[in-house]
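All values derive from a computational prediction rather than experimental measurement. Any value given below was found using the heavy atoms of this structure, including those in side chains, with hydrogens, waters and symmetry copies removed.
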Amino acid sequence: MAGREIPEDYLDGFTRILAEVLASGRRLTRAEVESRRAAGERAAEAGIGLRALVRQHLSTMRAACPDLPRASLDLVLSTLDQVVDALAEGHERAQLLAVRQEEAARREFIDDLLQGRSDPGHLAERAERFGLLLSHTHAVAVAEGPAAYDDTHPAVQRVERALVGRFGNRRILLTPKDGRLICVAPADQDDVLMYFAKQAHAATEGGRVAIGRPQPGAGGVGHSYEEALNALGLAERMNLDDPVLRAADLLVYPVLTRDRQAMAELVRSTLDPLKEARGGASVMLDTLTAYFDSGCNAAEAARRLSLSVRAFTYRLERIQQLTGASPADPVHRYTLQTAVIGARLLDWPSKEL
């Protein structure tokens with residue numbers, strides 16, 4: 001609108017206000033100030049800049065008040081000061097409302113996208129507004145750390161600057177949600193997700209990042225997001241140390257717990273006797289976990305538990321006595337290791353099965 005004249009309805013009443021002020025020497029009434037605020041709001045909603053609006057008011061003032069004496073000029077300038085303040089307030093108020101509405105629309109879209117609550121066709125239409133093409137396959141990375149992250153958190157701003165600086169506009173969606181940091185990217189841009197993981201791990205002071213599998217369509221983003229969340233929960237239960245986890249690499253765990261009742265029965269029948277050990281089942285479960293995680297190397301497992309090799313070997317012997325299964329025997333080892341994984345997934349023995 002900079003090169004066009006502003007419609008007269010944005011100036012309605014301004015000439016009358018000037019005339020009455022010059023005649024009476026009064027200040028603007030509350031209704032007159034509100035009329036200028038309303039004009040400022042309407043101008044902002046119509047895309048008219050504040051400078052152009054003020055410039056048009058100044059032009060109207062010059063045309064209406066030629067050759068003013070000093071006293072009258074002071075009155076006009078005082079009136080103009082009030083008018084400009086009111087115009088600016090209304091203009092800013094409308095812009096702030098627009099920003100809030102945009103933020104609300106973005107939050108609603110993100111919730112619908114990640115939770116799959118909207119019609120796929122409508123969701124795809126809205127996605128284009130935020131830079132995503134849901135006809136493509138996408139993957140979602142989720143980062144969590146010691147703090148809850150929102151739009152104003154320095155970690156979020158740091159990761160956003162890094163991604164924009166590295167990749168520019170690549171149809172990437174970066175947003176905080178539920179205290180975590182989320183990145184949605186086309187599945188063929190794995191470099192984006194890995195760079196996000198690197199930056200998020202650093203920005204969250206060693207936080208963990210999980211990446212869901214690539215999934216197609218509007219509902220695929222929600223599926224990939226759910227997989228990433230599940231991977232984070234699994235890493236917590238299984239004490240996985242990797243800073244970056246891929247859901248595709250952890251598929252064996254959901255498979256093992258798909259029949260929860262069967263897994264619970266395996267844990268009970270195999271590991272329940274460990275409750276009779278000194279210190280309870282948890283101590284022996286930690287022993288088996290360290291043994292299997294170290295590749296069945298007793299010396300390495302002992303080091304991880306800060307035990308002597310002799311003490312660790314005694315524990316393995318005690319486990320064999322209680323369960324009737326030897327961790328060193330290949331057949332027994334598979335049963336024990338599966339039961340140990342099940343126990344960690346089911347949070348046994350903290351929770352009764």
Does the pair E108 and R126 meet the rule for a side-chain contact (heavy atoms from CB on, under 4.5 Å), with working shown? CA-CA 10 Å; E108 182 181 0; R126 293 157 64 198; 3.9 Å; yes
Name all residues meeting the side chain to side chain donor-acceptor pair (under 3.5 Å) criterion together with R318; count only those two or more places apart in sequence or in a different chain, and write none if there are none. Q321
Point-to-point distance, once rounded to the nearest 0.5 Å, from CD of Q261 to CG of L266: 13.0 Å
Working note: E20 + R16, criterion salt bridge (Lys or Arg N to Asp or Glu O under 4.0 Å); need CA distance, chi angles, decisive distance, verdict. CA-CA 6 Å; E20 292 185 9; R16 177 190 56 77; 3.3 Å; yes
Does some side-chain heavy atom of P214 sit less than 4.5 Å from a side-chain heavy atom of S224? no
Among D286, T287, L288, find the residue that satisfies the side-chain contact (heavy atoms from CB on, under 4.5 Å) test when tested with V340. L288
Side chain proximity check, L133 to H136, heavy atoms < 4.5 angstrom: yes
Check step by step if side-chain contact (heavy atoms from CB on, under 4.5 Å) holds for L250 and E227. CA-CA 10 Å; L250 304 175; E227 285 186 344; over 6 Å; no
Pairs flagged by ring-ring contact (aromatic ring centres under 6.0 Å, His included) wherever residues 259-315 is involved - sequence neighbours left out: none
Is it true that, when you exclude E276 itself, more than 12 heavy atoms of the residues, nucleotides or ligands shown sit nearer than 6.0 Å to its CD? no
Spell out, as yes or no, whether a donor-acceptor pair under 3.5 Å connects the side chain of T270 to the backbone of V267. no
So, do D151 and P176 sit near enough that their side-chain heavy atoms are less than 4.5 Å apart? yes
Do you reckon L285 sits in the same ILVMFWY cluster as M263, going by side-chain contacts under 4.5 Å, direct or chained? yes
Mind listing the closest non-hydrogen atom pair of A218 and L113 along with its distance? O-CD1, 4.3 Å
Check side-chain contact (heavy atoms from CB on, under 4.5 Å) between T29 and all other residues, then give those that pass, not counting sequence neighbours. R26, A31, E32
Carboxylate-amine/guanidinium contact R268 E265, below 4.0 Å: yes
Hey, mind stepping through T204 and L181 against side-chain contact (heavy atoms from CB on, under 4.5 Å) and telling me if it holds? CA-CA 9 Å; T204 57; L181 187 54; 5.6 Å; no
Between F196 and L229, is there shared hydrophobic-cluster membership here, with clusters defined by ILVMFWY side-chain heavy atoms closer than 4.5 Å? no
Side chains of S326 and Q320, heavy atoms from C-beta outward: is any pair under 4.5 Å? yes
If I compare all heavy atoms of A339 with all of L271, which pair ends up nearest, and what's the gap? O-CD1, 3.6 Å
Go through the structure and list residues passing side-chain contact (heavy atoms from CB on, under 4.5 Å) with R166, not counting sequence neighbours. Y195
Do V252 and L346 share a hydrophobic cluster (ILVMFWY, side-chain heavy atoms under 4.5 Å, transitive)? yes
Pairs flagged by ring-ring contact (aromatic ring centres under 6.0 Å, His included) wherever residues 327-353 is involved - sequence neighbours left out: none
Got a list of side-chain donor-acceptor pairs under 3.5 Å for residues 230-242, not counting sequence neighbours?
{"unit_1": "N230", "atom_1": "ND2", "unit_2": "E226", "atom_2": "O", "d": "3.3"}
{"unit_1": "R237", "atom_1": "NE", "unit_2": "L345", "atom_2": "O", "d": "3.4"}

How about L245 and V209: do any of their side-chain heavy atoms sit closer than 4.5 Å? no
For P349 versus A281, what's the shortest heavy-atom pair and its separation? CG-CB, 4.1 Å
For L322 and A277 the tightest heavy-atom approach is CD1-CB, 3.7 Å
Test side-chain contact (heavy atoms from CB on, under 4.5 Å) applied to V221 and L173, V140, L123, the passing residue: V140
Between R315 and V283, is a side-chain contact (heavy atoms from CB on, under 4.5 Å) present by the stated rule, with each step listed? CA-CA 9 Å; R315 285 190 184 182; V283 173; 3.6 Å; yes
Spacing of CD1 belonging to I211 relative to CZ belonging to R246, to within rounding of 0.5 Å: 4.5 Å
Name all residues meeting the salt bridge (charged side-chain N to carboxylate O under 4.0 Å, His left out) criterion together with D188; count only those two or more places apart in sequence or in a different chain, and write none if there are none. none
Would you confirm whether D259, through its side chain, and A262, through its main-chain N or O, come within 3.5 Å as a donor-acceptor pair? yes
Residues, nucleotides or ligands: over 12 heavy atoms within 6.0 Å of R260 CZ: no
Is it the case that the side chain of R333 and the backbone of A328 share a donor-acceptor pair, with hydrogens and angles ignored and the cut-off at 3.5 Å? yes
Please identify each residue that fulfils side chain to side chain donor-acceptor pair (under 3.5 Å) with Q189, with sequence neighbours left out. none
Between CD of Q337 and SG of C296, what distance do you get to the nearest 0.5 Å? 6.5 Å
Of all heavy-atom pairs linking L193 and C183, the shortest is CD2-O, 3.9 Å
Side chain H138, main chain A185, donor-acceptor under 3.5 Å: no
Restricting to ring-ring contact (aromatic ring centres under 6.0 Å, His included), what partner residues turn up for F109, sequence neighbours left out? F130
Can you name the residues that form a side-chain contact (heavy atoms from CB on, under 4.5 Å) with H153, not counting sequence neighbours? A147, Y149, D150, A155, V156
Just jot down the side-chain contact (heavy atoms from CB on, under 4.5 Å) partners of K177, sequence neighbours excluded, or say none. I110, D111, L114, Q115, I182, Y225
Is it true that E352 and K275 make a salt bridge, defined as a side-chain N closer than 4.0 Å to a carboxylate O? yes
Show the nearest heavy-atom pair for residues V331 and D329, with the distance to one decimal. N-OD1, 2.9 Å
With sequence neighbours excluded, tell me which residues meet side chain to side chain donor-acceptor pair (under 3.5 Å) with R304. E300
Quick check: does any side chain N or O of N297 sit under 3.5 Å from a backbone N or O of A299, one acting as donor and the other as acceptor? yes
